[in-house]
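One structure is given here, and the rest of the page talks about it.
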Amino acid sequence: MSIDYFSTYMLRAAVEEIQPEKFFFRDRYFPTTAADIFNTDKVLVEYKKGNRKIAAFVSDRSNPIPLERTGYKVHEFEPPKISMSRSLTIDDLKKRGFGEAIYSNTTPAERAVRLMVNDFTDLDLTISRREEWMCAQTMINNGCTVQEYVDAKTKGAAYDILFYEGDSSPHIYTVGIPWNSKGANVIGDIHAMCRLLAMLGLNAADLVIGTDVEDVFYQDESIARMLDKNSGIVFGEINERIDYPGIATLGNGPFNIKGFKLRIFVASTTYENENGVNTPYFPKDGAMVSFPKCGHLMYGRDTHIPYGQKDPVDFTGKRIPKLIIDQKNDVRELDLISHPLAVPAVYCPYIFAGKVVS
């Protein structure tokens, strides 16, 4: 029995076998569960503010004091579509593949299967970078701006996905004095950012800083004193290590910032934007406090007509493969589609400060 390696079943199986690379913002702060995979074009996003109400004292013969339910927001969003493709021509099948023996007995069909797996891996990585960008942008701006493209060079519609109401978001913190200037209060600012989260009933666990901010932690006198083990209190020590690609972790454990214990990450990862410019995911002069799993990455369905069929079919998943055959030109095209949306798990689970150094 012959196997159709390009059937919808085999394409989805090939995509499932891809070993995803680790990405800091996506994997640490926006994990995905089975409940985040929707069989609809739109997804429901709901989150509520933390409840910090205190119980009332009552007299013996009084009735209980009713506690109102904490209101929560429910929003309906349509996740933006990502679709990347790669073509496979007859000429590609005739060429020796990378790493293939010069005198290889590999048939065009076998070479096509190997190229398919490699192509899906490359396509998946580009989508993962966009997901990482979306997660980082959501934490930095409490939302993100989606710029659609009609083709590789032509821009289409642009729209904002925001998780706040009004003209400004409450997740923004502004430092009084830049951290690399005289009179700066680095510890005080970080503590104030943590307290903003605490007022929402949330506990800060991570401090993420940009590469320009990293120097402050080596030069600021208050932090130097904090790191002084002779003080009798072990706050932490600077000992960089890599837990995620391109992300340095300062210290062997959490830093004690006036009672808030934070792990400190230096974000230096970059991507190539649409203009070919190397761009950081996180601003070099930024700082942010948050905690793991502060959000989640949701996915909507994709509807298309699979190759060899006549009617549209609904597909769900993080990655949805599609095959297109152009028999006239002897071209086979592989598409990889995704409909991701990064959303906060609770109201405002991150506090961001931009331009903390001058």
Side-chain angles (χ1 to χ4, degrees), residues 6-48 72-85 116-117 119-139 142-144 146 148 159-163 244 290-307 309 311-324 334-347 349-350:
F6 293 93
S7 66
T8 299
Y9 174 81
M10 293 302 295
L11 290 176
R12 291 180 68 87
V15 171
E16 291 294 329
E17 290 300 316
I18 296 175
Q19 296 296 321
E21 291 194 19
K22 293 177 66 175
F23 283 86
F24 175 66
F25 292 101
R26 183 191 66 179
D27 297 343
R28 185 169 180 83
Y29 301 110
F30 292 85
T32 299
T33 66
D36 296 317
I37 308 295
F38 281 71
N39 189 23
T40 56
D41 295 327
K42 297 182 179 181
V43 299
L44 289 179
V45 178
E46 59 182 22
Y47 49 88
K48 62 181 181 180
Y72 62 92
K73 299 283 186 180
V74 178
H75 301 277
E76 187 180 59
F77 292 98
E78 183 171 351
K81 180 179 180 179
I82 301 173
S83 182
M84 301 296 293
S85 68
M116 177 187 70
V117 175
D119 288 344
F120 274 145
T121 300
D122 292 342
L123 296 175
D124 174 76
L125 190 53
T126 65
I127 295 176
S128 293
R129 294 190 189 104
R130 177 56 71 183
E131 290 173 338
E132 178 76 347
W133 174 90
M134 178 179 282
C135 294
Q137 287 293 305
T138 298
M139 300 183 79
N142 206 6
C144 69
V146 175
E148 296 180 339
Y159 57 92
D160 295 325
I161 299 176
L162 303 176
F163 301 109
Y244 296 86
S290 188
F291 53 90
K293 299 181 181 180
C294 68
H296 51 134
L297 197 57
M298 310 172 78
Y299 294 87
R301 74 180 177 192
D302 187 75
T303 303
H304 63 259
I305 301 176
Y307 175 72
Q309 299 188 30
D311 298 319
V313 178
D314 293 334
F315 295 94
T316 62
K318 295 181 181 181
R319 303 287 188 269
I320 302 166
K322 180 181 179 181
L323 175 66
I324 299 174
L334 292 175
D335 295 358
L336 195 58
I337 304 167
S338 185
H339 292 258
L341 181 66
V343 302
V346 293
Y347 179 75
Y350 26 65

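Counting from 1, the numbers follow the sequence of the chain as shown. The structure displayed is predicted, hence computed values, not measured ones.
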Can you name the residues that form a side chain to side chain contact (heavy atoms under 4.5 Å, CB included) with Asp122, not counting sequence neighbours?
Arg86
Could you check whether any side-chain heavy atom of Met116 comes within less than 4.5 Å of a side-chain heavy atom of Leu11, counting everything from C-beta outward?
yes
In chain order, what residues pass the side chain to side chain donor-acceptor pair (under 3.5 Å) check against Asp160, with sequence neighbours excluded?
Thr145
Who are the side chain to side chain contact (heavy atoms under 4.5 Å, CB included) partners of Lys322, not counting sequence neighbours?
His304, Ile324, Asp335, Ile337
Got Tyr299 and Pro79 here, is their nearest side-chain heavy-atom distance under 4.5 Å?
no
For the pair Asp314 and Arg301, find out whether any cationic side-chain nitrogen is under 4.0 Å from an anionic carboxylate oxygen.
yes
Nearest 0.5 angstrom please: Arg28 CZ to Ser290 OG, how far?
9.5 Å
Sorted by chain and residue number, the salt bridge (charged side-chain N to carboxylate O under 4.0 Å, His left out) partners of Lys81 (sequence neighbours excluded) come out as Asp302
Of all residues at least two apart in sequence or in a different chain, which pass the salt bridge (charged side-chain N to carboxylate O under 4.0 Å, His left out) check with Arg319?
Asp124, Glu131
Do Ile305 and Asp311 come close enough that some side-chain heavy atom pair is under 4.5 Å?
no
Okay, side chain of Thr138, backbone of Pro344: is any donor-acceptor separation there less than 3.5 Å?
no
Exactly one of Met298, Met139, Glu132, Met134 should register a side-chain contact (heavy atoms from CB on, under 4.5 Å) with Phe30. Which one does?
Met139
Who pairs with Arg129 by side chain to side chain donor-acceptor pair (under 3.5 Å), at least two apart in sequence or on another chain?
none
Side-chain touch Tyr159/Pro80, heavy atoms, less than 4.5 angstrom
yes
Kindly write out the residues that satisfy side chain to side chain donor-acceptor pair (under 3.5 Å) with Asp36, not counting sequence neighbours, or none if the list is empty.
Thr33, His296
Atom pair CD1/CE of Ile127 and Met84 - distance to nearest 0.5 Å
7.5 Å
Residues that Phe23 engages under ring pair (Phe, Tyr, Trp, His ring centres under 6.0 Å), provided they are two or more places apart:
none
According to side chain to side chain contact (heavy atoms under 4.5 Å, CB included), who are the partners of Arg130, at least two apart in sequence or on a separate chain?
Ile82, Trp133
How would you list, by chain and number, every residue that makes a side chain to side chain donor-acceptor pair (under 3.5 Å) with Gln137, sequence neighbours excluded?
Asn141
Taking all atoms of both residues into account, what is the closest heavy-atom pair of Leu341 and Phe77, and its distance?
CD2-CB, 3.5 Å
To check you understand the geometry: which heavy-atom pair defines the closest contact between Phe120 and Pro321, and what is its length?
CZ-CB, 3.7 Å
Going by the rule side chain to side chain contact (heavy atoms under 4.5 Å, CB included), which residues pair with Glu78 if we only count those two or more places apart in sequence or in a different chain?
Lys42
Provide the closest heavy-atom pair for Pro312 versus Thr303 in the form atom of the first, atom of the second, distance.
CB-CG2, 3.9 Å
